[in-house]
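Written out below as structure tokens is the structure these notes cover.
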Amino acid sequence: MSAVADVAETRRAYTVRLELVDEPGELMRALRPIAENGGNLLSVFHERGNLTPRGNIPVEVDLECSPGRFDDVVAGLRDAGVTVTQAGEDGYAEEVTLLLVGHLVDTDLSDTLATVESCSGASVTDFSLDAPAGTDEQSSARLRLAVDPPQVDEVLSVVRDVADRKGLQVVEPLVEGER
Amino acid sequence: MKLAVVGAGAVGRSVVRMAGEYGHTVTAVADSSGAAVDSDGLDAEAVLSRKSARGSVGAADPEDALATEYDALVEATPTTLGDAEPGFSHVRQALDRDRHVVLANKGPVAERYGEVRRHEAESEGEVLFEATVAGAIPVLGTIADYGPAQVTAVRGVLNGTANFILSRMAAEGLDYEHVLAEAQDLGVAEADPAFDVEGTDAALKCVILANVLGDGSHTLADAEVSGIVDIPPSALSLAEEDGRTVRLVGEATPTGIRVGPRLVPMESPLAVDGTENIVQLETTHAGTLALRGRGAGGDETASAVLADVARLDR
């Protein structure tokens, strides 16, 4: 049981972009290698009407699988003669940029970052610190996170909590449009 | 229409000066120490020069202004929190006499919205308050036209003082205290800037919006508010390196209010400069709608008051 649970927990979301020839059955043919290699389809965005310069149809496929199988999925697609233009988890993660202001260094910066990293589905992809008056004084930091889209609210609330605990101010990104 | 104007600050004075141009007659003006009343119509210039020369618009009792003949009461006394007095009582007196009320004072509709609406329901008079949200920008009129049920959220930059400070700090790399002093010299910030820079003013506007969109039960106490006082230049330069900037953004939905400094892309419509305001409405069937313009100033806010008067006149 525990082995199954571990596998389930380590499944991650990935995005692959494909280019399909505009012929009947092409989409089915392209999706088959994904399931055959242990991938679970999440969504297929078939951009009919939006042709590539070569006249192919771009298709974006979101799937989940264990990290170890993802290369097999992509290889399976290519073996089947499908053009894969982009493959990876980056395309699927939402980029969240935020600022932290306050006594960042005195309040154990690495612990702050580790707390954010410990959220499932979040990783810190970029970090920048500006401490104009030295590390003993107030400073500012910019964090860029890659977050699984359904986890964004959860991750922001973890950031708010750790900032609250350490007396730091968070400048959160504004998400325009509907959430 | 015959207007009685209570409150002779920048907005009240502009209403008195501009009313004639819009085809209305001012029958009374009151400030905190006196009043001028003439049911045939006051001479606006005479009233305003008496105000600037002697500190008050006239020798009459301010209560006489409320008792005189008028179609709409323009309530432009300073916004007060909590019981929203004396503004709330002025609203009530007018409604009890079956007269209309046009508010420039945010207090009654931010702190006692439900009560204002209940008194309105029992009156022949109507209450409008376009001027309380984003000055000259017709936010409430637009929401009324679309139907509040069709607007799911409103967000925007609703305080020109805070926006002036943030945009100038970002552009020049100056610290908060320095830019605040400049803003005070320019008359963009008050001597006591707390209301603007701590987010209270933007929050009151969002509370009013949430009341219009929702069940009308919100007060300032329901708002999650943080201001811009603790934003250092280093935070703004880190944002800029990444193609972003910080703006004091207010958000209102039918169920909640939030105001705080937020990261927005530099090319975002919300990244307005200087004292300008912008408001975005999320609509059910028409996507995002944006309105921008001057969110403060005597004549600008008076133009919103007079737009309400015109709505009542239809």
Side-chain angles (χ1 to χ4, degrees), chain A residues 93-107 109 112-113 116 122 124-147 152-153 155-157 159-179, chain B residues 151-157 166 169-170 173-176 199 224 226-251 253 256 258-271 278 280-290:
Chain A
E94 187 167 325
E95 190 177 272
V96 175
T97 303
L98 53 87
L99 301 177
L100 290 173
V101 178
H103 287 280
L104 296 170
V105 180
D106 289 351
T107 57
L109 186 53
T112 307
L113 295 178
V116 178
V124 178
T125 57
D126 185 56
F127 174 80
S128 220
L129 179 74
D130 189 343
T135 53
D136 293 341
E137 291 300 315
Q138 296 242 4
S139 50
S140 303
R142 186 184 67 235
L143 275 71
R144 187 179 300 141
L145 314 174
V147 186
V152 170
D153 287 338
V155 170
L156 285 175
S157 99
V159 173
R160 270 196 292 269
D161 287 349
V162 69
D164 241 22
R165 206 165 64 235
K166 299 185 174 194
L168 307 174
Q169 189 177 7
V170 189
V171 179
E172 288 180 38
L174 182 75
V175 182
E176 293 178 48
E178 281 301 320
R179 284 301 294 269
Chain B
V151 179
T152 54
V154 182
R155 81 179 74 80
V157 172
L166 282 177
M169 281 175 71
L174 297 166
D175 66 27
Y176 170 78
E224 186 188 328
S226 65
I228 61 160
V229 180
D230 297 324
I231 303 291
S234 59
L236 292 163
S237 61
L238 282 171
E240 192 182 344
E241 278 172 29
D242 200 40
R244 292 162 212 270
T245 190
V246 178
R247 289 292 180 267
L248 184 67
V249 176
E251 296 174 283
T253 68
R258 179 178 176 190
V259 174
R262 304 290 282 275
L263 265 181
V264 296
M266 224 115 68
E267 70 275 13
S268 163
L270 289 166
I278 179 159
Q280 293 182 330
L281 311 180
E282 290 298 332
T283 65
T284 312
H285 302 296
T288 305
L289 197 67

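Each chain gets a letter, A, B and so on, in the order its sequence line appears, and its residues count up from 1.
In this structure, the portion of A:V101 lying under 4.5 Å from any heavy atom of chain B is its side chain and not its backbone. Contact of A:E172 with chain B is made through backbone and side chain together, with heavy-atom distances under 4.5 Å. Using a 4.5 Å cut-off between heavy atoms, B:R247 does not touch chain A at all.
Smallest separation of non-hydrogen atoms from B:P261 and A:Q169: CG-NE2, 3.6 Å. The shortest heavy-atom contact between B:S237 and A:D130 is OG-OD2, 3.5 Å. Shortest non-hydrogen contact noted between A:S140 and B:S234 is OG-OG, 2.6 Å.
Residues forming a side-chain contact (heavy atoms from CB on, under 4.5 Å) with B:P233 (at least two apart in sequence, or on another chain): B:M169, B:D175. Every residue two or more places apart in sequence or in another chain that forms a salt bridge (charged side-chain N to carboxylate O under 4.0 Å, His left out) with A:R142 is listed here: A:D126, B:E241.
Taking CG of B:L238 as the reference point, atom CG of A:L143 lies at 10.0 Å (rounded to 0.5 Å). In this structure, the separation between CG on A:L99 and CZ on B:R262 is 12.0 Å, given to the nearest 0.5 Å.
Side-chain contact between A:Q138 and B:D230 is absent, with no heavy-atom pair separated by less than 4.5 Å.
A side chain to side chain contact (heavy atoms under 4.5 Å, CB included) with B:L263 holds for exactly one of A:V170, A:V96, A:L174, A:T97; it is A:T97.
By the 4.0 Å N-to-carboxylate-O rule, A:R160 lies too far from B:E224 to be salt-bridged with it.
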